[in-house]
Amino acid sequence: MRSIRLLAGLVTLLAVLVTGCSAAESVAVPDSPVGKQLQWYLEAVNRTPIPEKELGEHLAEAFLKEVPAEKFNTLAKDLAGLKLEELTSTKPNELAGVTSIPAGQKYDTKISVGDDGKIDYLLLEPR
């Protein structure tokens with residue numbers, strides 16, 4: 001009897017853990033101008049170096065002056081596997097939330113786009 005209860009408890013715990021992991025991975029990125037750019041960024045960090053032409057299609061000119069392609073790629077290469085864990089603020093042109101990498105590091109993340117739909121602000125601060 002005791003081993004059956006223990007087994008039932010372990011099965012329940014496993015179900016909770018699996019469900020919890022699935023929920024963390026299923027945060028939807030909004031279908032908005034900034035959401036589209038966030039989705040691009042989450043995918044792009046997995047294939048650095050990102051060509052300058054592609055960066056120019058997604059990053060505002062002023063942003064690229066502050067963070068040139070070489071620096072952007074240097075920062076992005078350490079973020080492979082970046083995923084969105086939580087959104088804390090959603091506006092059509094601004095998002096804030098929490099992202100993480102597989103090594104376990106979490107980041108407070110903020111991103112915004114200008115009227116042209118290009119990223120004009122992107123910040124990931126370690127938690």
Side-chain angles (χ1 to χ4, degrees):
M1 260 321 184
R2 185 173 179 193
S3 60
I4 292 174
R5 286 188 198 142
L6 180 60
L7 180 60
L10 288 173
V11 169
T12 301
L13 178 60
L14 180 60
V16 169
L17 290 173
V18 169
T19 303
C21 290
S22 298
E25 293 176 14
S26 64
V27 175
V29 175
D31 184 19
S32 64
V34 70
K36 290 175 183 170
Q37 292 293 14
L38 176 60
Q39 189 63 50
W40 168 80
Y41 183 69
L42 293 171
E43 294 167 0
V45 296
N46 295 309
R47 50 184 177 79
T48 58
I50 304 160
E52 277 191 58
K53 181 180 181 202
E54 183 179 352
L55 291 176
E57 294 169 0
H58 293 273
L59 304 174
E61 189 176 320
F63 184 92
L64 275 170
K65 284 182 182 176
E66 293 289 321
V67 185
E70 185 177 331
K71 183 175 181 180
F72 187 91
N73 279 309
T74 298
L75 296 169
K77 76 176 183 175
D78 293 330
L79 297 172
L82 187 69
K83 70 176 183 176
L84 180 63
E85 289 197 358
E86 173 186 0
L87 283 172
T88 56
S89 174
T90 59
K91 297 178 183 175
N93 292 335
E94 300 175 18
L95 293 175
V98 178
T99 55
S100 68
I101 57 173
Q105 178 65 55
K106 292 186 178 199
Y107 300 92
D108 287 323
T109 303
K110 296 176 183 171
I111 183 172
S112 68
V113 296
D115 293 337
D116 61 359
K118 293 183 178 184
I119 297 170
D120 61 8
Y121 184 81
L122 176 62
L123 179 65
L124 280 76
E125 291 184 304
R127 291 184 118 192

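Along the sequence shown, residues carry numbers from 1. Remember, predicted model here, so these are calculated numbers, not experimental data.
- The line from CG of Leu95 to CG of Leu84 is 8.0 Å long, rounded to the nearest 0.5 Å.
- Listed by first and then second residue, the salt bridge (Lys or Arg N to Asp or Glu O under 4.0 Å) pairs involving residues 108-122 are Asp108-Arg127 (not counting sequence neighbours).
- Heavy atoms only, all atoms of each residue included: Pro92 and Pro33 are closest at O-CD, 3.6 Å.
- To the nearest 0.5 Å, atom CD1 of residue Ile50 and atom CG of residue Leu55 are 5.0 Å apart.
- Here Tyr121 sits in one hydrophobic cluster together with Leu123; the rule is ILVMFWY side chains under 4.5 Å apart, joined directly or through other members.
- Partners of Lys71 according to the salt bridge (charged side-chain N to carboxylate O under 4.0 Å, His left out) rule, which considers only residues two or more places apart in sequence or in another chain, do not exist here.
- Pairing each heavy atom of Val29 with each of Gly35, the nearest pair is CG1-O, 3.1 Å.
- Scanning all heavy atoms of the two residues, the minimum distance from Ala80 to Pro102 falls at O-CD, 3.4 Å.
- Sequence neighbours left out, the pairs with a member in residues 47-58 that pass salt bridge (Lys or Arg N to Asp or Glu O under 4.0 Å) are Arg47-Glu54.
- Residues satisfying the side chain to side chain contact (heavy atoms under 4.5 Å, CB included) test with Pro49, not counting sequence neighbours, are Asn73.
- Rounding to the nearest 0.5 Å gives a distance of 6.0 Å between CG of Leu79 and CG of Leu124.
- Considering only residues two or more places apart in sequence or on other chains, Glu43 meets the side chain to side chain donor-acceptor pair (under 3.5 Å) condition with Gln39.
- In this structure a side-chain-to-backbone donor-acceptor pair under 3.5 Å is missing from Asn93 to Ser112.
- For residues 72-81, no residue pair satisfies the salt bridge (Lys or Arg N to Asp or Glu O under 4.0 Å) rule, not counting sequence neighbours.
- Here the closest non-hydrogen pair linking Gln37 and Gly117 is NE2-O, 2.8 Å.
- For the salt bridge (Lys or Arg N to Asp or Glu O under 4.0 Å) condition, the pairs that include at least one residue of residues 27-41, sequence neighbours left out, are Asp31-Lys36.
- Atom CG of Leu122 and atom OG1 of Thr109 lie 8.0 Å apart (nearest 0.5 Å).
- Considering every non-hydrogen atom in both Pro30 and Leu87, the closest pair reads CD-CD1, 3.7 Å.
- The side chain to side chain contact (heavy atoms under 4.5 Å, CB included) test applied to Gln105 returns Ile101, Tyr107, Pro126, not counting sequence neighbours.
- Evaluation of the ring-ring contact (aromatic ring centres under 6.0 Å, His included) test over residues 50-82, restricted to residues two or more places apart or in two chains, returns Trp40-His58, Tyr41-Phe72.
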